[in-house]
Every structure is written in C-alpha cells, then in structure tokens.
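Here is the structure we will look at.
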Amino acid sequence: MTMRYELLAQRILEGAAVRFPNKEIVTRVGEGTHRYTYADLLTRTARLGNALRELGVAQPRRVGTFAWNNYRHLEAYFAPPTIGAVTHTINIRLAADDMAYIINHAGDLALLIDPDLAPLIEAIAHRLTTVRHFIILGEPEDVTTTLPGAVSYETLLAAASPEYRPADVDEYSTMGLCYTSATTGLPKAVAYSHRAVYLHSLTSAMTDMFSLSERDRVMAVVPMFHANCWGLPYSATLVGASQMFPGARPDPRAICEMIEREGVTLSAGVPTIWIGVLDYLERSGVEYDLSSLRQVVSGGSALPLAVLQAYRDRLGVDMTHAYGMTEAAPLISVNRRRSWLDGLSEQEQLELCAKQGVVAPGIETRLVDENGEDAEWDGEQRGELWFRGPWVANEYVDDERSGETFVDGWYHSGDIASIDPDGYIQIVDRVKDMVKSGGEWISSVDLESEIMAHPDVLEAAVIAVPHPQWQERPLACVVPRSQTSAPLTKEVILEFIQPKFARWWLPDDVVFIDEIPKTSVGKFDKKVLRERFESHA
C-alpha cells in the first residue's frame with residue numbers, strides 16, 4: 001500500500017513556490033507591466049486566505065471572482081480552496097439577470113471585483129441576497145464604487161497575516177464552481193473537486209496534451225472565468241512555467257505586443273481571438289516578432305482550415321486544436337499528430353490538424369448514433385459524443401436538469417462527431433445547430449469552414465431557417481473583410497463552396513452582415529442569428 005496523499009489544489013502552488021520560487025508571473029497593466037514570482041504568489045495567497053477567514057469565509061463557503069486575466073485573479077484561484085472554501089469564477093459578459101442568478105444560486109459570501117467592472121455589480125447589487133463583502137481588486141484609491149462597504153483588496157492583504165495555513169480538506173471536496181450557459185433556461189452550475197483539478201492539471205501538461213514544461217512562457221487569452229481558463233493557470237503553476245496575463249480588455253495589438261515582448265511560447269484562446277489577430281496583422285501591416293511561439297491552442301468551436309493554413313504559412317505558427325466543455329474541467333482532447341502519421345503529405349497533415357484530436361488519458365469515450373447504438377470509429381459514421389472520467393462532472397449543482405445530460409454514468413455532450421480509426425475526433429456540429437433538411441442532416445460547421453476559406457470572408461455562421469417543404473434549409477450569414485478584392489455576392493460564395501458539397505447541402509441564401517454576434521465566451525451566438533432570421537424566406 002502507498003501512503004494516503006490528498007490531491008489538493010494548494011499542493012500545486014506549494015510545489016511551484018518550493019521548486020520554482022523565482023519564475024515570474026507577468027500582467028499587462030495599462031501600458032506597463034506588473035511582475036512577481038511564484039514565491040510572491042504563495043505569500044499573497046496566504047494573506048488573501050487569512051483575510052477571507054477574518055471575513056467569515058470557511059469551508060464550504062463560496063467566493064466569487066469578477067475579473068480580467070491578471071495576477072490578483074490568479075491569487076483568487078488558489079486562496080479560497082487553500083482555506084477549504086470555493087472559488088466561483090463569474091462570467092463578466094453575462095446578462096444582468098443571469099449574473100444575479102448565478103451569484104445567488106452559488107451563495108457567494110464575498111465578491112472579488114476588478115475596479116473597472118464594479119459598475120456591472122452595482123447595477124445588480126440590490127438583487128444579491130448572499131453577498132456580504134465587496135472587495136475591489138486594487139489599491140485604496142481604486143475604491144470609487146457605490147457598492148456597500150466595499151474595501152480595497154490591497155488594504156485587506158496588508159492587514160492580514162502572511163502565515164500559510166492550509167485547511168485540512170478531502171480531495172473530493174469542492175474547490176471550484178463554474179456555470180455553463182444552457183440552451184434554454186438559466187445557467188447550470190458545475191462543481192470541481194480538488195482531485196479533479198489536480199488530475200486535470202497533470203494530464204493537460206503531458207507531452208501529448210499541452211506539452212508544458214518549466215521552460216514555457218504561457219499566456220492564456222481565454223478568460224479566467226471560462227471553464228477554469230482551460231486549466232492553464234493550474235497546469236502552468238504545476239510545472240513551473242512562467243505565466244503572462246493580458247489584463248483588461250486585451251485587443252489583437254495588445255496580444256501581439258505581449259507575445260513579442262515577453263517571448264510567449266504557448267497561448268490559448270477561442271477561434272474568434274485568432275481570427276481577429278490575423279485580421280489585425282493583415283490590416284495594420286505592423287510586423288511583430290512572433291518567433292517565440294511554439295504553439296497556439298484554439299478551442300471552444302471548430303477552427304476553419306483556412307485559418308490553420310494562414311498561421312502556418314504567413315506567420316510560421318503551429319495551431320493546435322483542443323476540445324472540451326465546462327462539465328469536463330474542461331479538457332477532453334488535444335490534437336497531436338501520432339508517430340505513425342508522420343508520413344502524411346503536407347495537405348493531409350493540415351487536414352488532420354483541423355480535427356479536435358484524441359481524448360486525454362483517463363477519459364473514456366462513446367460515439368452513439370440516433371438509435372442509441374455505438375457508431376463505428378471509421379471517420380464516416382456520426383453520433384453524439386459521450387464521456388466519463390476522473391474530472392468529468394456527474395451532475396449539475398442543485399439543478400433538476402442533470403437527468404437530461406448525465407445518464408447511467410455518462411455525460412452526454414450534445415456534440416455530433418465522427419471518430420476515425422486512429423481515434424481522432426471530428427466535431428460535425430452541436431445537436432441544436434445541425435440543419436435537418438428533408439430528413440437528412442447538414443453540418444453547419446463544415447459549411448462555415450469552407451466559406452471562411454474564401455480570402456474576402458472574415459467570419460461566417462450557418463443556421464437553419466424554417467422551410468415549408470424541407471422542414472429546414474441552411475442560411476449563410478457572412479461578414480466580409482474590410483477590404484475585398486471584388487464585391488462579395490451570394491453567387492460568389494456559393495460558387496466558391498460548390499465543389500465541396502452535394503447540391504442539396506448548399507445554403508438557399510447568403511446574407512451579408514456587419515458582425516456575427518458572440519456569446520459571453522467569444523463563440524458565434526447562433527441563437528441570436530436564428531431569432532433574427534426566423535422569418536427569412
């Protein structure tokens with residue numbers, strides 16, 4: 001028998017402070033930067049934990065964070081779990097009703113709020129039933145809010161003891177809480193245990209996953225409120241990688257400048273981020289030295305093949321597809337080329353990169369067809385992806401909708417995919433985004449990817465619109481680039497994609513719009529488009 005050793009989130013930080021005390025953590029602050037080390041992070045985490053204890057925060061109370069990607073937010077990732085409490089990361093882009101709901105549903109006792117985001121909480125403060133402490137993440141002069149009893153984060157830390165006193169907790173106890181948006185109804189809460197986060201961090205750092213090491217300089221552009229920032233703050237801390245945080249409202253210029261200045265080796269974000277960066281580089285004509293990048297991770301939705309190719313050919317940067325969901329903490333798969341596929345042609349390798357990859361060690365997968373039978377892993381048959389594993393949730397917190405999603409020990413993802421004989425997942429669509437025309441399914445993702453390969457197209461989303469004969473037909477919503485070689489028309493788009501698809505797959509119409517609406521985490525919001533075009537003939 002081996003000794004009992006609890007897998008706790010705070011052990012990740014403890015190890016970094018001992019083994020990598022001088023590795024730096026850098027945050028963009030306005031036009032400047034804030035720098036400190038893992039040793040500093042441990043000390044300030046201890047102070048925050050002791051300050052929260054003084055405010056009455058203890059196991060299993062919840063502490064909400066309402067902040068950008070910065071070093072103070074990183075401290076909040078570790079401090080509540082260290083004292084046995086729970087870190088609840090709140091999406092800063094939610095509608096006011098949803099924001100008030102999740103704070104009350106979580107039962108947050110304290111809120112940690114970036115100064116420039118305080119007005120969003122002020123607007124709903126009268127509706128918050130459990131919050132007793134509003135803490136502004138800044139110096140005393142940053143507390144200009146009308147929130148009752150608001151105090152400065154730095155004032156609290158200065159008065160708190162630096163003694164590190166971790167609580168005695170069980171590895172299966174909850175340390176994190178994140179809400180996922182629902183197709184209908186209110187957001188759903190997913191709880192993360194210490195054990196799940198620790199195992200997720202170990203696995204995501206592996207060579208065939210994010211391949212993280214102490215030598216890396218990691219910049220997560222994905223928001224820290226989005227599914228634990230894909231686990232990167234934990235996995236980077238675990239291996240002692242330096243961390244770069246882009247701070248408030250990072251735009252493409254700020255992202256490129258930080259990569260160049262700080263020598264970022266790995267960055268991660270949703271496709272709209274990387275499409276925006278590429279567009280900025282082309283429009284601005286500014287040359288940045290991005291040679292330090294060895295990997296750009298994209299997840300949240302499918303990445304068009306044209307974008308993968310543009311990063312490779314124009315910037316010399318390899319992009320890596322990752323796939324996951326809030327319910328899985330969030331990593332499910334990462335696209336790494338297996339050794340027996342090294343002989344693929346350059347085009348075949350590019351097409352392989354467009355897939356979502358092979359599931360992480362420890363995750364079990366099923367591909368289930370519409371009849372409830374297991375579909376073949378032949379790259380052709382399609383079905384819904386089901387998962388289970390040590391960091392996959394088994395229910396939503398206090399939510400009767402759990403029974404719809406977690407069935408007989410499997411999480412039903414709602415994603416339609418195929419899996420090839422080598423185990424590579426290819427996401428076809430979300431169940432709710434598939435177009436069912438005349439009883440046959442059409443993948444909106446496949447159509448979008450080909451439309452966005454057109455050099456004059458910036459973004460494209462395909463949705464289903466009602467049809468009197470065929471039930472549904474695809475409608476393409478297209479955003480042209482600011483400068484195009486020739487006027488974009490419906491005929492131009494359809495002619496461009498026609499060789500790739502059967503005729504009945506082609507959209508019945510193409511509409512040109514100024515912008516694709518985005519969800520709170522930067523994905524295309526097709527629900528808004530469906531409502532906008534529900535009467536489109």
Notebook entry, point to check: Stepwise, does the salt bridge (Lys or Arg N to Asp or Glu O under 4.0 Å) test hold for Lys518 with Glu459?
Noted result: CA-CA 11 Å; Lys518 309 295 193 302; Glu459 296 177 334; 3.3 Å; yes
Checklist line | Results of ring-ring contact (aromatic ring centres under 6.0 Å, His included) for His73 - residues two or more places apart only | finding: Tyr77
Notebook entry, point to check: So, does Asp251 use its side chain to make a donor-acceptor pair with the main chain of Ala254 at under 3.5 Å?
Noted result: yes
Margin query: Donor-acceptor pair, distance only, cut-off 3.5 Å: does the side chain of Arg336 make one with the backbone of Met209?
Written below: yes
Next item on the list: State, without any angle test, whether Asp40 and Thr43 hold a side-chain donor-acceptor pair at a distance under 3.5 Å.
Entry: no
Notebook entry, point to check: side-chain contact (heavy atoms from CB on, under 4.5 Å) between Phe66 and Ile121: does it pass, once the steps are laid out?
Noted result: CA-CA 9 Å; Phe66 199 72; Ile121 299 298; 3.8 Å; yes
Check: Is there a donor-acceptor contact under 3.5 Å from the side chain of Ser292 to the main chain of Val264?
Finding: yes
Notebook entry, point to check: Is the shortest heavy-atom distance from the side chain of Leu177 to the side chain of Thr87 under 4.5 Å?
Noted result: no
Notebook entry, point to check: For Lys526 and Ser444, does a side-chain donor sit closer than 3.5 Å to a side-chain acceptor?
Noted result: yes
Item checked: Partners meeting side chain to side chain contact (heavy atoms under 4.5 Å, CB included) with Asn91 (sequence neighbours left out) -> Arg93, Leu94, Phe225, Ser520, Val521
Notebook entry, point to check: Under a 4.5 Å cut-off applied to non-hydrogen side-chain atoms, are His105 and Lys188 in contact?
Noted result: no
Check: Is the count of non-hydrogen atoms from other residues, nucleotides or ligands lying under 6.0 Å from Arg294 atom CZ greater than 12?
Finding: yes
Note to self: Consider ring-ring contact (aromatic ring centres under 6.0 Å, His included). Of Tyr192, Phe78, Phe210, which one does Tyr234 pass it with?
What the structure shows: Phe78
Note to self: For Asp216 and Ser242: C-alpha separation, side-chain torsions, deciding distance, then whether side-chain contact (heavy atoms from CB on, under 4.5 Å) applies.
What the structure shows: CA-CA 6 Å; Asp216 276 309; Ser242 297; over 6 Å; no
Next item on the list: Say whether Thr265 and Gln295, considering side chains only, have a donor N or O and an acceptor N or O under 3.5 Å apart.
Entry: no
Margin query: Closer than 3.5 angstrom, by distance alone: can the side chain of Ser152 be matched with the main-chain N or O of Glu154 as a donor-acceptor pair?
Written below: yes
Note to self: I need the minimum non-hydrogen distance between Ile12 and Leu238, along with the two atoms involved.
What the structure shows: CG2-N, 3.6 Å
Notebook entry, point to check: Looking only at heavy atoms, which two atoms of Ile513 and Cys477 are closest? And how far apart?
Noted result: CD1-CB, 3.9 Å
Note to self: Using the side chain to side chain contact (heavy atoms under 4.5 Å, CB included) criterion, which residues pair with Val428? Sequence neighbours excluded.
What the structure shows: Arg382, Ile416, Met434, Ser443
Next item on the list: Report yes if some heavy atom in the side chain of Ile516 is under 4.5 Å from a heavy atom in the side chain of Val478; otherwise report no.
Entry: no
Next item on the list: For residues Ala241 and Ser213, report the shortest heavy-atom separation together with the two atoms involved.
Entry: CB-O, 3.4 Å
Next item on the list: Consider only side-chain N and O atoms of His88 and Tyr179, and report whether a donor and an acceptor are under 3.5 Å apart.
Entry: no
Checklist line | Heavy-atom closest contact (Gly49 atom, Ala79 atom, distance) | finding: N-CB, 3.9 Å
Next item on the list: Answer yes or no: is there a donor N or O on one side and an acceptor on the other, between the side chain of Tyr288 and the main chain of Leu281, under 3.5 Å?
Entry: no
Check: If only atom types and distance count, is the side chain of Arg28 paired as donor or acceptor with the main-chain N or O of Pro246 below 3.5 Å?
Finding: yes
Next item on the list: Test Asp514 against Val479 for side-chain contact (heavy atoms from CB on, under 4.5 Å), laying out the working first.
Entry: CA-CA 6 Å; Asp514 294 332; Val479 179; over 6 Å; no
Margin query: Pairing donors with acceptors under 3.5 angstrom, does anything connect the side chains of Tyr164 and Glu14?
Written below: yes
Check: Should Val131 and Leu109 count as side-chain neighbours, where that means a heavy-atom distance under 4.5 Å?
Finding: no
Notebook entry, point to check: Under 3.5 Å, side chain of Glu171 to main-chain N/O of Leu7, donor-acceptor pair present?
Noted result: yes
Next item on the list: Using only heavy-atom distances, determine whether the side chains of Glu122 and Thr145 contain a donor-acceptor pair under 3.5 Å.
Entry: yes
Checklist line | Check: Met219 main-chain N/O paired with Ser267 side-chain donor or acceptor under 3.5 Å | finding: yes
Notebook entry, point to check: For the side chain of His321 and the backbone of Gly357, is there at least one donor-acceptor N/O pair under 3.5 Å apart?
Noted result: no
Note to self: How close do Arg72 and Leu137 get, counting heavy atoms only, and between which atoms?
What the structure shows: NH1-O, 3.4 Å
Checklist line | Contacts of type side-chain hydrogen bond (donor to acceptor under 3.5 Å, both in side chains), residue Asp318, not counting sequence neighbours | finding: none
Margin query: Using a 6.0 Å cut-off, check whether atom CD of Glu346 has over 12 heavy atoms from anything other than its own residue.
Written below: no
Next item on the list: State, yes or no, whether a side-chain contact exists between Arg312 and Leu350 at a heavy-atom distance under 4.5 Å.
Entry: yes
Next item on the list: Please report the shortest heavy-atom distance between Ala360 and Trp391, naming the atom on each side.
Entry: CB-CZ2, 4.0 Å
Next item on the list: Show your reasoning for whether side-chain contact (heavy atoms from CB on, under 4.5 Å) applies to Met325 and Ile332.
Entry: CA-CA 8 Å; Met325 62 283 299; Ile332 287 291; 3.5 Å; yes
Note to self: Would the distance check show the side chain of Asp108 and the main-chain N or O of Ala110 forming a donor-acceptor pair, the cut-off being under 3.5 Å?
What the structure shows: no
Notebook entry, point to check: Are side-chain heavy atoms of Pro187 and Thr180 found at a separation under 4.5 Å?
Noted result: no
Note to self: I want to check something: taking the side chain as every heavy atom from C-beta on, are Pro233 and Asn228 in contact at a cut-off of under 4.5 Å?
What the structure shows: no
Item checked: Whether over 12 other heavy atoms sit under 6.0 Å from Glu31 CD -> no
Notebook entry, point to check: Are Ser413 and Tyr323 close enough that some pair of their side-chain heavy atoms sits under 4.5 Å apart?
Noted result: yes
Notebook entry, point to check: side chain to side chain contact (heavy atoms under 4.5 Å, CB included) with Gln426: which residues, sequence neighbours excluded?
Noted result: Lys355, Gln356, Ser418
Next item on the list: Scan residues 10-39 for pairs that pass ring-ring contact (aromatic ring centres under 6.0 Å, His included), counting only residues two or more places apart or in two chains.
Entry: His34-Tyr36, His34-Tyr71, Tyr36-Tyr71
